[in-house]
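What follows is a single structure, written as structure tokens, with notes after it.
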Amino acid sequence: MATESRHGIAMHGTLKYPADFQHFDYVNPEAPKGGQLREASIGTFDSLNPFIIKGTVADGTSLIYDTLLGRALDEPFSLYGLLAEHLRVADDRSWIEFDLRPEARFSDGQPVTAQDVVFTFNTLLEKGSPFFKSYYAGINEIKALSDRSVRFEFSGSTNRELPLIVGEIPILPRHYWQNRDFESPSLEVPVGSGPYAVSHIDPGRTIIYKRRADYWGSELPVNRGRFNFDQRQFDYYRDSTVALEAFKAGEYDFRSEHASKAWATGYTGAPFEDGRIRKEEITHGNPRGMQGFIMNTRRTKFEDKRVREALTYAFDFEWTNKNLFYGAYTRSNSYFSNSDMAANELPSPEELAILEPVRDQVPPEVFTQVYKAPSTDGSGRNRQQLRTALRLLQQAGWTLEGGKLVNAAGEPFHFEILLVQKEFERVVSPFIRNLERLGISADIRIVDVSQYINRLRQFDFDMVVYGFGQSSSPGNEQRDYWHSEAAQLPGSRNLIGIQDPAIDYLVEQLIAAPDREQLVYRARALDRVLQWNHFVIPHYHISAWRIAYWDKFEHPKISPTYDLGLDTWWMKP
């Protein structure tokens, strides 16, 4: 059935920007071009291929590539034409077609064709990271209708997100990759159609991207006012402490701070006092997801839900926030913190209807209680919480013998906490001291970035500090987080090892949400079941970007709701 061509597509509701829009509201369309933006990265890199699980990819590789559609950062989930000039989508979203712009070119001058789009998806599904297999599950067929038109057909019409997320994948040049080994990490400079190309590599230390003077898409409405720096540079440091000192010495220009202690005490000195370095906190509307101590339920000691719940009582957030974080954080209780999708009230009738088919498969508290992580008075004297924890551990078959917690076989409760950031020791150490009071011994193991990534990919850990980020429109990526199929798939983000039919059902319900209202209800339903299974010892979050930069940049007066929008900044004249 024929359908009319469009300039964009929204996940739910209508598009904010009309077909004749000239630029997004949060850019300066007259921003001058030029200059250099230097940033810091931690660790090292040995690959420029972000699409596979092997290797440690360099930061900034997304600058090399264009996608079929570009996202508006002031809408929950709306996309507008980039490589694609027009799109057509079925009313039931069972298929979508894209018409490519005739002027679209790769950096070597070759045109971007429908055959490149087909090649990209086939390659990612066959040879890419396992993430792509779950994220694009539901694509039934991809076919080139002509050199400039491509059609995606989906296996059903309940996954309303699929027509959008296929528009967000970077398109690869078939002529470049067809005779290369896609599955091996490499520092060979790739060909892309995006605004930047790699201009310099010092392996493991520095990578520089140069803005393409011949970039085909610089005047498109989705790009106007963006990509203003002639160069983007990423310098690598061994840890955040060294990187902060390098920033204050002027070794690089921009820093986004994630450590509250550093933000409170480290941004001092002459450059701050005389205004050469500026500090800003910019609030945003992003869901904050869930960060916490992640327990690997593939390990026998973490299989029992009562054990997992008991361990949550050993983390004293209130003391930690007061003594280590200068009161900067809010406790996370939800996997969708800082959003309307967080389950922070008793379930509504609409949520109960979603949960009813799995009532007998989920914890009963899902229906009767609002989840709140254990709290203390912040004094450090959390005896009551530890007594509760010990009672749960005893119910699960663990007993105290000579000050050591042991199971029925006499084996002690011991595990390792894997870290990649040495700075996190100060958060973990008080937690370990509380565990010792329960008779549990835990060790900290700090490894380098490459080893850390590889161990996570192979699920080779007991406990790790990790975060599950969320967007304003959660969908297919939830399979990679929580679905049974991802639990044994190396490289997936189901680090917890969840294999639960009820959670599988709720994930599919969320993906199939027909409108925004149902998306919110279904996200809350999933949230409740994840909360009450105690998979995570919840940490904390903040709803602002904490940034510092040398006073040689300007940025638009309007900040995008769902992103910092660093690519809209420009160098002062």
Side-chain angles (χ1 to χ4, degrees), residues 240-241 257-266 288 290-295 301-302 306-334 337 344 370-396 398-406 412-419 421-446 462-467 531 534-543 546:
S240 295
T241 302
E257 184 55 69
H258 304 289
S260 60
K261 180 181 178 181
W263 187 248
T265 65
R288 299 312 294 152
M290 171 65 79
Q291 177 187 295
F293 292 116
I294 309 301
M295 290 169 273
K301 61 177 70 71
F302 297 129
R306 292 168 297 186
V307 170
R308 300 195 299 267
E309 181 181 1
L311 297 187
T312 66
Y313 285 91
F315 178 58
D316 190 339
F317 164 75
E318 285 73 21
W319 182 92
T320 301
N321 195 37
K322 175 183 174 182
N323 290 277
L324 301 183
F325 298 148
Y326 298 82
Y329 291 119
T330 299
R331 187 72 187 270
S332 297
N333 291 300
S334 166
S337 298
N344 49 26
V370 176
Y371 177 83
K372 293 288 184 184
S375 61
T376 71
D377 62 6
S379 67
R381 296 184 294 273
N382 57 339
R383 293 176 184 173
Q384 180 179 342
Q385 287 76 18
L386 295 180
R387 281 197 295 269
T388 301
L390 188 57
R391 184 167 62 250
L392 286 164
L393 290 164
Q394 290 169 338
Q395 291 172 6
W398 294 86
T399 57
L400 268 177
E401 294 184 5
K404 301 293 184 182
L405 197 70
V406 297
F413 199 135
H414 172 267
F415 63 91
E416 179 183 88
I417 303 174
L418 184 68
L419 298 177
Q421 290 179 295
K422 183 175 176 60
E423 296 84 356
F424 229 94
E425 276 190 286
R426 69 194 190 101
V427 179
V428 177
S429 294
F431 174 55
I432 288 178
R433 288 196 294 271
N434 283 333
L435 291 172
E436 289 172 347
R437 295 167 66 185
L438 293 170
I440 298 171
S441 63
D443 298 324
I444 297 173
R445 176 76 180 275
I446 301 174
D462 297 328
M463 180 180 286
V464 68
V465 174
Y466 192 77
Q531 290 169 334
H534 304 287
F535 293 124
V536 170
I537 301 172
H539 279 182
Y540 35 79
H541 65 273
I542 188 171
S543 302
R546 294 183 294 206

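Heavy-atom basis, side chains included; hydrogens, waters and symmetry copies ignored. Because the structure is predicted, anything quoted here is derived from the model rather than measured.
- Once rounded to the nearest 0.5 Å, the distance linking OH of Y540 with CD of Q291 reads 5.5 Å.
- Listed by chain and number, the residues in a ring-ring contact (aromatic ring centres under 6.0 Å, His included) with F431 are F293 (sequence neighbours excluded).
- From L438, atom CG reaches atom CH2 of W398 across 12.5 Å, with rounding to the nearest 0.5 Å.
- For V536 against G292, the heavy-atom pair with the smallest separation is CG1-CA, 3.8 Å.
- Residues meeting the salt bridge (charged side-chain N to carboxylate O under 4.0 Å, His left out) test with K322, sequence neighbours left out: none.
- Note that the CZ atom of F415 and the CE atom of M463 stand 4.0 Å from one another [nearest 0.5 Å].
- Here T241 pairs with D239, E423 under the side chain to side chain contact (heavy atoms under 4.5 Å, CB included) rule; sequence neighbours left out.
- Here K422 pairs with E425 in a salt bridge; the nearest charged N to carboxylate O distance falls below 4.0 Å.
- In terms of modelled atom types and a separation under 3.5 Å, the side chain of R331 and the main chain of A373 share no donor-acceptor contact.
- Annotation: salt bridge (charged side-chain N to carboxylate O under 4.0 Å, His left out) contacts of E257 (sequence neighbours excluded): R255.
- With sequence neighbours left out, N344 forms a side chain to side chain donor-acceptor pair (under 3.5 Å) with no residue at all.
- With sequence neighbours left out, S332 forms a side chain to side chain donor-acceptor pair (under 3.5 Å) with H541.
- The side chain to side chain contact (heavy atoms under 4.5 Å, CB included) check on Y326 picks up K261, A264, T265, with sequence neighbours excluded.
- Among residues two or more places apart in sequence or in another chain, the salt bridge (charged side-chain N to carboxylate O under 4.0 Å, His left out) test is passed with E436 by none.
- Here CZ of R288 is found 12.5 Å from OG of S334. Values are rounded to the nearest 0.5 Å.
- In this structure, the side chain to side chain donor-acceptor pair (under 3.5 Å) partners of D462, at least two apart in sequence or on a different chain, are R299.
- Distance check, rounded to the nearest 0.5 Å: CD1 of I294 to OH of Y466 gives 8.5 Å.
- When all heavy atoms of L400 and L390 are compared, the pair lying nearest together is CD1-CD2, 3.7 Å.
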TODO: Evaluate the side-chain contact (heavy atoms from CB on, under 4.5 Å) criterion for residues F424 and I446: first the C-alpha distance (whole Å), next the side-chain angles of each, then the deciding distance (0.1 Å), finally the verdict.
DONE: CA-CA 10 Å; F424 229 94; I446 301 174; over 6 Å; no
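- The structure places CG of D316 at 6.5 Å from CG of N434, a figure rounded to the nearest 0.5 Å.
- Sorted by first then second residue, the side chain to side chain donor-acceptor pair (under 3.5 Å) pairs that include residues 384-394, not counting sequence neighbours, number zero.
- Contact detail for W319 and S379: the closest heavy-atom pair is CD1-C, 3.9 Å.
- Here N321 pairs with F317, F325, Y329 under the side chain to side chain contact (heavy atoms under 4.5 Å, CB included) rule; sequence neighbours left out.
- Partners of H258 under the side chain to side chain donor-acceptor pair (under 3.5 Å) rule, at least two apart in sequence or in another chain, do not exist in this structure.
- The main-chain N or O of R426 is never found under 3.5 Å from a side-chain atom of S429 such that the two would form a donor-acceptor pair.
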Task: CA sep, side-chain torsions, deciding dist, call: R437, R383, side-chain contact (heavy atoms from CB on, under 4.5 Å) - done: CA-CA 9 Å; R437 295 167 66 185; R383 293 176 184 173; 3.7 Å; yes
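- Panel note: side chain E318, backbone T376; a donor-acceptor pair is recorded below 3.5 Å.
- In this structure, the side chain of R308 engages the main chain of F302 through a donor-acceptor pair within 3.5 Å.
- What you find for A396 and V307 is that their closest heavy atoms are CB-CG2, 3.7 Å.
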